[in-house]
Amino acid sequence: MRLLIEPEIARLAAVRGTPAEIDAILAAHAAAEPGVFDLEHDIAFHGAVAAACHNALAANLLAQILELTRDEAFRTRLPAYTDETGWRHHDQIAAAIRDRHAAEAERVMRTHLSAILTWLNGGSAATDREDPR
């Protein structure tokens, strides 16, 4: 589901986000550490991007999806995610939104979510070691 809506959310955030909302995206990313997955930092980053898209329906749908990831029963079925790939993708998403590069924000969000999907299906999130640009 996220792959269906979040690339568009990132594109809209680059177009519609206010300077304060973009600062919130950058701050949410800055709070995270490379190589250390923290669910709350991840939710804060994706939530900040959604808030900046100015599409209440998309932001609400994403918030509901992200809330499911807090459920312990859901989380215990997933492998631990500690790869730096996600952090690098967040860095590139934040930069594309900051620079108002809508197509790049959409593309990198798609790359990010595709990598997560590969990881969830038993592949390595680390397969994307090169800069996805």
Next on the checklist: Looking at every heavy atom in both Leu113 and Pro7, which two are closest together, and how far apart are they?
Outcome noted: CD1-CD, 4.1 Å

Checklist entry - Between Asn121, Leu117, Ile116, which is the residue that forms a side-chain contact (heavy atoms from CB on, under 4.5 Å) with Trp119? => result Ile116

Can you list, pair by pair, the side-chain donor-acceptor contacts under 3.5 Å of residues 93-101, counting residues two or more places apart and other chains?
unit_1, atom_1, unit_2, atom_2, d
Arg100, NH1, Ala14, O, 3.1
Arg100, NH1, Gly17, O, 2.7
Arg100, NH2, Gly17, O, 2.7

Checklist entry - Among all residues two or more places apart in sequence or in another chain, which pass the side-chain contact (heavy atoms from CB on, under 4.5 Å) test with Ile5? => result Ile9, Leu61, Leu62, Ile65

Checklist outcome for this item: Applying side-chain hydrogen bond (donor to acceptor under 3.5 Å, both in side chains) to Ser114 and not counting sequence neighbours gives none

Item to check | Within residues 110-123 or reaching into it, pairs that qualify as salt bridge (charged side-chain N to carboxylate O under 4.0 Å, His left out) - sequence neighbours excluded | outcome: Glu106-Arg110

Checklist entry - Applying salt bridge (charged side-chain N to carboxylate O under 4.0 Å, His left out), which residue pairs with at least one partner in residues 23-37 are found, sequence neighbours left out? => result none

Checklist outcome for this item: salt bridge (charged side-chain N to carboxylate O under 4.0 Å, His left out) pairs touching residues 5-16, sequence neighbours excluded, are Arg2-Glu6, Glu8-Arg11

Checklist entry - Restricting to pairs with a member in residues 54-68, which pass salt bridge (charged side-chain N to carboxylate O under 4.0 Å, His left out), not counting sequence neighbours? => result Glu67-Arg70

Checklist entry - Does Leu4 have any side-chain contact (heavy atoms from CB on, under 4.5 Å) partners at least two apart in sequence or in another chain, and if so, which? => result Met1

Checklist entry - Does Leu57 share a hydrophobic cluster with Val49, counting links as ILVMFWY side-chain heavy atoms below 4.5 Å and allowing steps through other members? => result yes

Next on the checklist: My understanding is that only residues two or more places apart in sequence, or in another chain, count here; which of them pass side-chain hydrogen bond (donor to acceptor under 3.5 Å, both in side chains) with Asp91?
Outcome noted: His29

Item to check | Partner set under side-chain contact (heavy atoms from CB on, under 4.5 Å) for Ala24, not counting sequence neighbours | outcome: none

Item to check | Sequence neighbours excluded - ring pair (Phe, Tyr, Trp, His ring centres under 6.0 Å) pairs with any residue from residues 46-65 | outcome: His46-His90, His46-His112

